[in-house]
Amino acid sequence: MAYDPQPVERAIYKRWLDAGVFQPRPDSDPYVIVIPPPNVTDILHVGHALNDTIQDVVIRFERMRGRAAEWLPGTDHAGIATQNVVEKKLAAEEGKTRFDLGREAFVARTWEYVRKTGSTIIEQLKIIGCSCDWSRQRFTLDPEYAAAVREVFVRLWEEGLIYRGHRVIHWCPHCLTALSDEEAEHHETNGNLYYIQYPLADGSGAITVATTRPETMLGDTAVAVNPEDRRARAYIGKKIRLPIVEIEIPIIADDAVDKEFGTGFVKVTPAHDANDFEIGLRHKLEMPLVMSEDGKMDGDRVPKELRGIDRFEARKKIVKLLGPLLQKTEQHHHSVRRCYRCDTVVEPRLSDQWFVKMKPLAEPVMRGYDKTEFTIVPDRWRATFENWMNNIRDWNISRQLWWGHRVPVFTCTKCKHQWADRVDPTSCPKCGGPVEQDPDVLDTWFSSWLWPFATFGWPKDTPDLRRFYPGHTLVTAPEILFFWVARMLMSGYHFMGNRAPFRTVYLHGTVRDTKHRKMSKSLGNGIDPLDVVKLFGADALRWTLIAGSSLGADVILDPNDLETTFAPGRNFANKLWNIGQFVLGQLPKTVPAIEAMDRRRLTLADRWILSRAQAMIRETTASLEQFRLDEAAKRCYEFAWNELADWYVEAVKPRLSAGKAPEAAAILAYCFDAALRLLHPVVPFITEELWQKLPGRNAAELLAVAHWPGARGELEDPVADREFSRVRTVIEQIRSIRAEYRVAPKTRLRATIVARGNDKPATFQGEMDTIARLANLDNLEILDNHGVRQGVGAHAVFGDGSELVVALEGTIDVQQECRRLSDELGRLEQQLTNLATRLTNESFVARAPKDVVAREREKEKAWRDQRDVLAGKLKSLGCS
RNA sequence: GGGCGAAUAGCUCAGCGGUUCAGAGCGCCUGCCUUACACGCAGGAUGUCGGGGGUUCGAAUCCCUCUUCGCCCACCA
């Protein structure tokens, strides 16, 4: 019967919620993760699923280790993104713009939308099993949160770290707002480089400028050359007559000009290019705007026939208008910045914006980083992070939007006094005149950068804040390292007593398709995590995401073949389910504790599986501590499937059904319990469901808050590890021989084991029944070195020269057997030769570590014994 | 123009303190409905570890270089 995850997952999640296990324990050390708040309008995509599953694995691990696990969830108001969504809806449904509604009504409308849909992603996080502390869910526009944002703004204002800047910023003509440098993304583009002649004003000729953006020539106020440029130097001080606009502008000298690029003459458009703006400042040039906010040509300088025309259309028109002045057009590969929200090509535009001085905020962070007060894993992000932080530029925080935290700057309309205020003033504190608030709102990230402490009540000194700041681990994608992580570090150091908001930043990879393209709606190559949950269950989704991503590496999934992509997780869940069906069916109502077991009654298999369980516990715990979630997941998988199910369960079946071996039941229960605990962070639903059914549980106990197992040194048993592996080898060899000689599965065979060297007959005698059953023998004889008996059969040599003979009178083909054995002998000889060259090499013996050499010697001895036995066998068979 | 990452079985990836390290899952081949599981069991096949140099007793594993992909940053218009 196959496992059906849906009903189980629903019921289990409800039990966790009802029991309140996601809220931190009151009495132990906190372990804090704050969620990267998804946009309030987001619906869950597979990138979220990866990010949140990783966090869930970490927090569940720490919760089981006894920590007061606080995973703080919430959503981000996402200024531009949300406003865009609502505007689009408004246009589609009512044919209106936000300006038709007016600011107040539009904001009200947006709130309404957010209240209705804002919990969508939160509900989806629950479906995939996220164990967030829902009692502390936050929204970046909550009133308390708004107070924190305002407090931060005012403090920075008071410290002189916020200023009004008049400069060229990135402007999105679609979103109609300024953007920060980070929000204007670089995109490589194939464009044109236009060579345009500007006639000299004195009629003595012309110079040629090269530009990718001819339309901005309307705003040119100079042409610049490098003062070192021999060719161009002669023109400095002359004037050119700007075509179309028909005004005279000077040719100036500026170091910023690259002599090598284009013609050496650069058109200078201070209002529409950040570099040109700098040049303009140095030379006190005029800075006329030639475009409106929505990217249409506009301004005093723009001829009537071009006004109102979109900038890209205008480019074509102007190129045409230039006629013969356009000398040539070259293909040009360059990068163009686009709005990270709507993908519109950003327009550099001169305007007034609020900026935060970042250097003073970045410096303490870098000092802390040097002192490893926090770390970024994987460490390879170090250079990227340091480079950005050390060259940090001021942050444009004002947005010309309506949805967001309003800039708390007020201006007296009478005396022009301007100040930032914690509460809305009614009149000017200086002259009593009427006041106006700045119309802009703050960059979304200006609120999310406070997430690790504003969520806990800052600026109030709350118990939560004292308990949960600083936090521990931040899990996110590298895409928002600058947007968010770096800024949280800065705000943390600055506002929270020089303390980093977390100790570890874990940067995981990106989910991509098989062509390594990022999954996105526009490409249509996405995977809907909820589809996966419906088809295979949340555990299967989680399994594939976790097992498939090693530290910081991208996760490649095939959106066209969900079945194959998520089969491993589904299959494993099913396997666990069936192990559970078997184990639960075998166990008596009460099972003795592992401590109470009479150890003298343990079989080799018992000792072996107990030893393997300890190894699993040790290794899994170590992997999780190092964020190697994939390793941890796979280690438990291997134990549960390959060690416990394939070998121990098979070995122990008859003892269990006979009911005469309480130890076997205890061990089975112990091992299964341990596996469920260790797997719980990765596949929480099925492990909880099965764990509930183990003997001795009461309904109040939940695996989600059960304790994490510790390895018991006394159960580690290297001797059992070695000896049981010999038993396994024997069984595997017999099966292999059976397949090779095409013996029907039902045919029972006879076999003889000759134990030699350290392989004692007792080892096999103790597991005789197991060997006979798993290899389907009706007779097994175990001899020591003195009892060698020749028989007609298939041979195998293993261990310390021990021997296996499977009786095959009648079916054996001597020729085939000779071939098989001599192949094996050849392989052994080759290995021995390799070993011998190493061991006779003086510098190897001298330089290699001692234990390595010792191991090689042991190997050599065992192989030599095997070889001798094999050679003897070949001889006795009369092989040539 | 800088910086970073990846290149290992048909596919997705582990392995990168050097000496059973050539692995896993999926796929493939051959048998099996062996009373927990066919989403399974058993037995198999498959790779000059991207190319080329180098260091070393020994290199997927370290160094150099080349090639191909991907990402990030950047004021050559």
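Residue numbering restarts at 1 for every chain, and letters A, B, ... go by the order of the sequence lines.
An OP1 or OP2 oxygen of B:rC41 is reached within less than 4.0 angstrom by a side-chain nitrogen or oxygen of A:Lys575. OP1 or OP2 of B:rC41 sits under 4.0 Å from a side-chain N or O of A:Trp641. Taking only side-chain nitrogens and oxygens, A:Arg628 comes nearer than 4.0 Å to OP1 or OP2 of B:rG15. When the side-chain nitrogen and oxygen atoms of A:Thr564 are compared with OP1 and OP2 of B:rU12, none of them lie within a distance under 4.0 Å. Listed pair A:His186 / B:rA74 meets the phosphate criterion, a side-chain N or O lying under 4.0 Å from OP1 or OP2. For the OP1/OP2 pair of B:rC75 and a distance below 4.0 Å, the side-chain nitrogens and oxygens of A:Arg393 include at least one atom meeting the criterion. Between A:Lys859 and B:rU19, a side-chain N or O to OP1/OP2 separation shorter than 4.0 Å is absent.
For the pair A:Tyr637 and A:Glu260, both in contact range of RNA chain B, the more 5′-proximal nearest nucleotide belongs to A:Tyr637. Both A:Asp554 and A:Asn571 lie close to RNA chain B; mapped to their nearest nucleotides by heavy-atom distance, the more 5′-ward contact belongs to A:Asp554.
With hydrogens and angles ignored, the 3.5 Å screen pairs no side-chain donor or acceptor of A:Arg748 with any backbone N or O of A:Ala772. Using modelled atom types, no side-chain atom of A:Arg864 and backbone atom of A:Gly801 make a donor-acceptor pair closer than 3.5 Å.
Among B:rC4, B:rG44, B:rC73, the nucleotide with an atom closest to any side-chain atom of A:Phe482 is B:rC73. Ranking B:rC39, B:rC73, B:rC4 by closeness to the A:Arg380 side chain, first place goes to B:rC4.
Aromatic rings from A:Trp381 and A:Phe385 are positioned such that their centres are separated by 6.0 Å or more. For A:Phe672 and A:Trp691, the ring centers sit 6.0 Å or farther from each other. Between A:Tyr198 and A:Phe265, the ring center distance fails the sub-6.0 Å criterion.
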Criterion ring-ring contact (aromatic ring centres under 6.0 Å, His included) on A:Trp543 and A:Phe566, from CA distance to verdict
CA-CA 8 Å; A:Trp543 176 267; A:Phe566 294 96; over 10 Å; no

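The aromatic rings of A:His332 and A:Phe261 stand perpendicular to each other, their planes meeting at an angle above 60°, with 30° marking the opposite boundary. Below 30°, between 30° and 60°, or above 60°: for A:Tyr506 and A:His508 the angle between ring planes is above 60°, a perpendicular geometry.
Taking the syn range as angles within 90° of 0, the glycosidic angle of B:rA60 is syn.
Not a single donor-acceptor pair, N or O on each side, falls under 3.5 Å between the base of B:rA24 and the side chain of A:Glu631.
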Could you write nucleotides 29-34 of chain B as a row of B, S and -, 5' to 3', where a protein heavy atom under 4.0 Å of any base atom gives B, of only sugar-phosphate atoms gives S, and otherwise -?
-SS-S-

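B:rC4 and B:rG44 have their C1' atoms separated by 42 Å, given to the nearest Å. Of the P atoms belonging to B:rG1 and B:rC66, the separation is 14 Å, rounded to the nearest Å. Comparing the C1' positions of B:rC11 and B:rG3 gives an interatomic distance of 31 Å, to the nearest angstrom.
Between A:Lys267 atom NZ and B:rA77 atom P the separation is 12 Å, expressed in whole Å. Atom C1' of nucleotide B:rC76 and atom CG of A:Asn226 are separated by 12 Å, given to the nearest angstrom. Regarding A:Asp255, its CG atom lies at a distance of 18 Å from the P atom of B:rC75, rounded to whole Å. The interatomic distance linking A:Asp558 (CG) with B:rU12 (P) rounds to 9 Å, in whole Å.
Applying a 4.0 Å cut-off to non-hydrogen atoms, the residues of residues 329-338 of chain A that approach RNA chain B are A:His332, A:His334, A:Ser335, A:Arg337, listed by residue number.
In this structure, A:Leu676 and A:Leu694 have side chains that are in contact, with non-hydrogen atoms separated by less than 4.5 Å.
Helical stems of RNA chain B (runs of at least 3 Watson-Crick or G-U pairs, donor-acceptor distances under 3.5 Å) are listed by first residue: B:1-7 with B:67-73, B:10-13 with B:23-26, B:28-32 with B:40-44, B:50-54 with B:62-66.
Geometrically, A:Lys575 does not engage A:Tyr3 in a cation-pi contact, judged by NZ or CZ lying under 6.0 Å from the ring centre and within 45° of the ring axis.
Of all non-hydrogen atoms in A:Lys259 and A:Arg231, the two that sit nearest each other are O-NH2, 3.8 Å.
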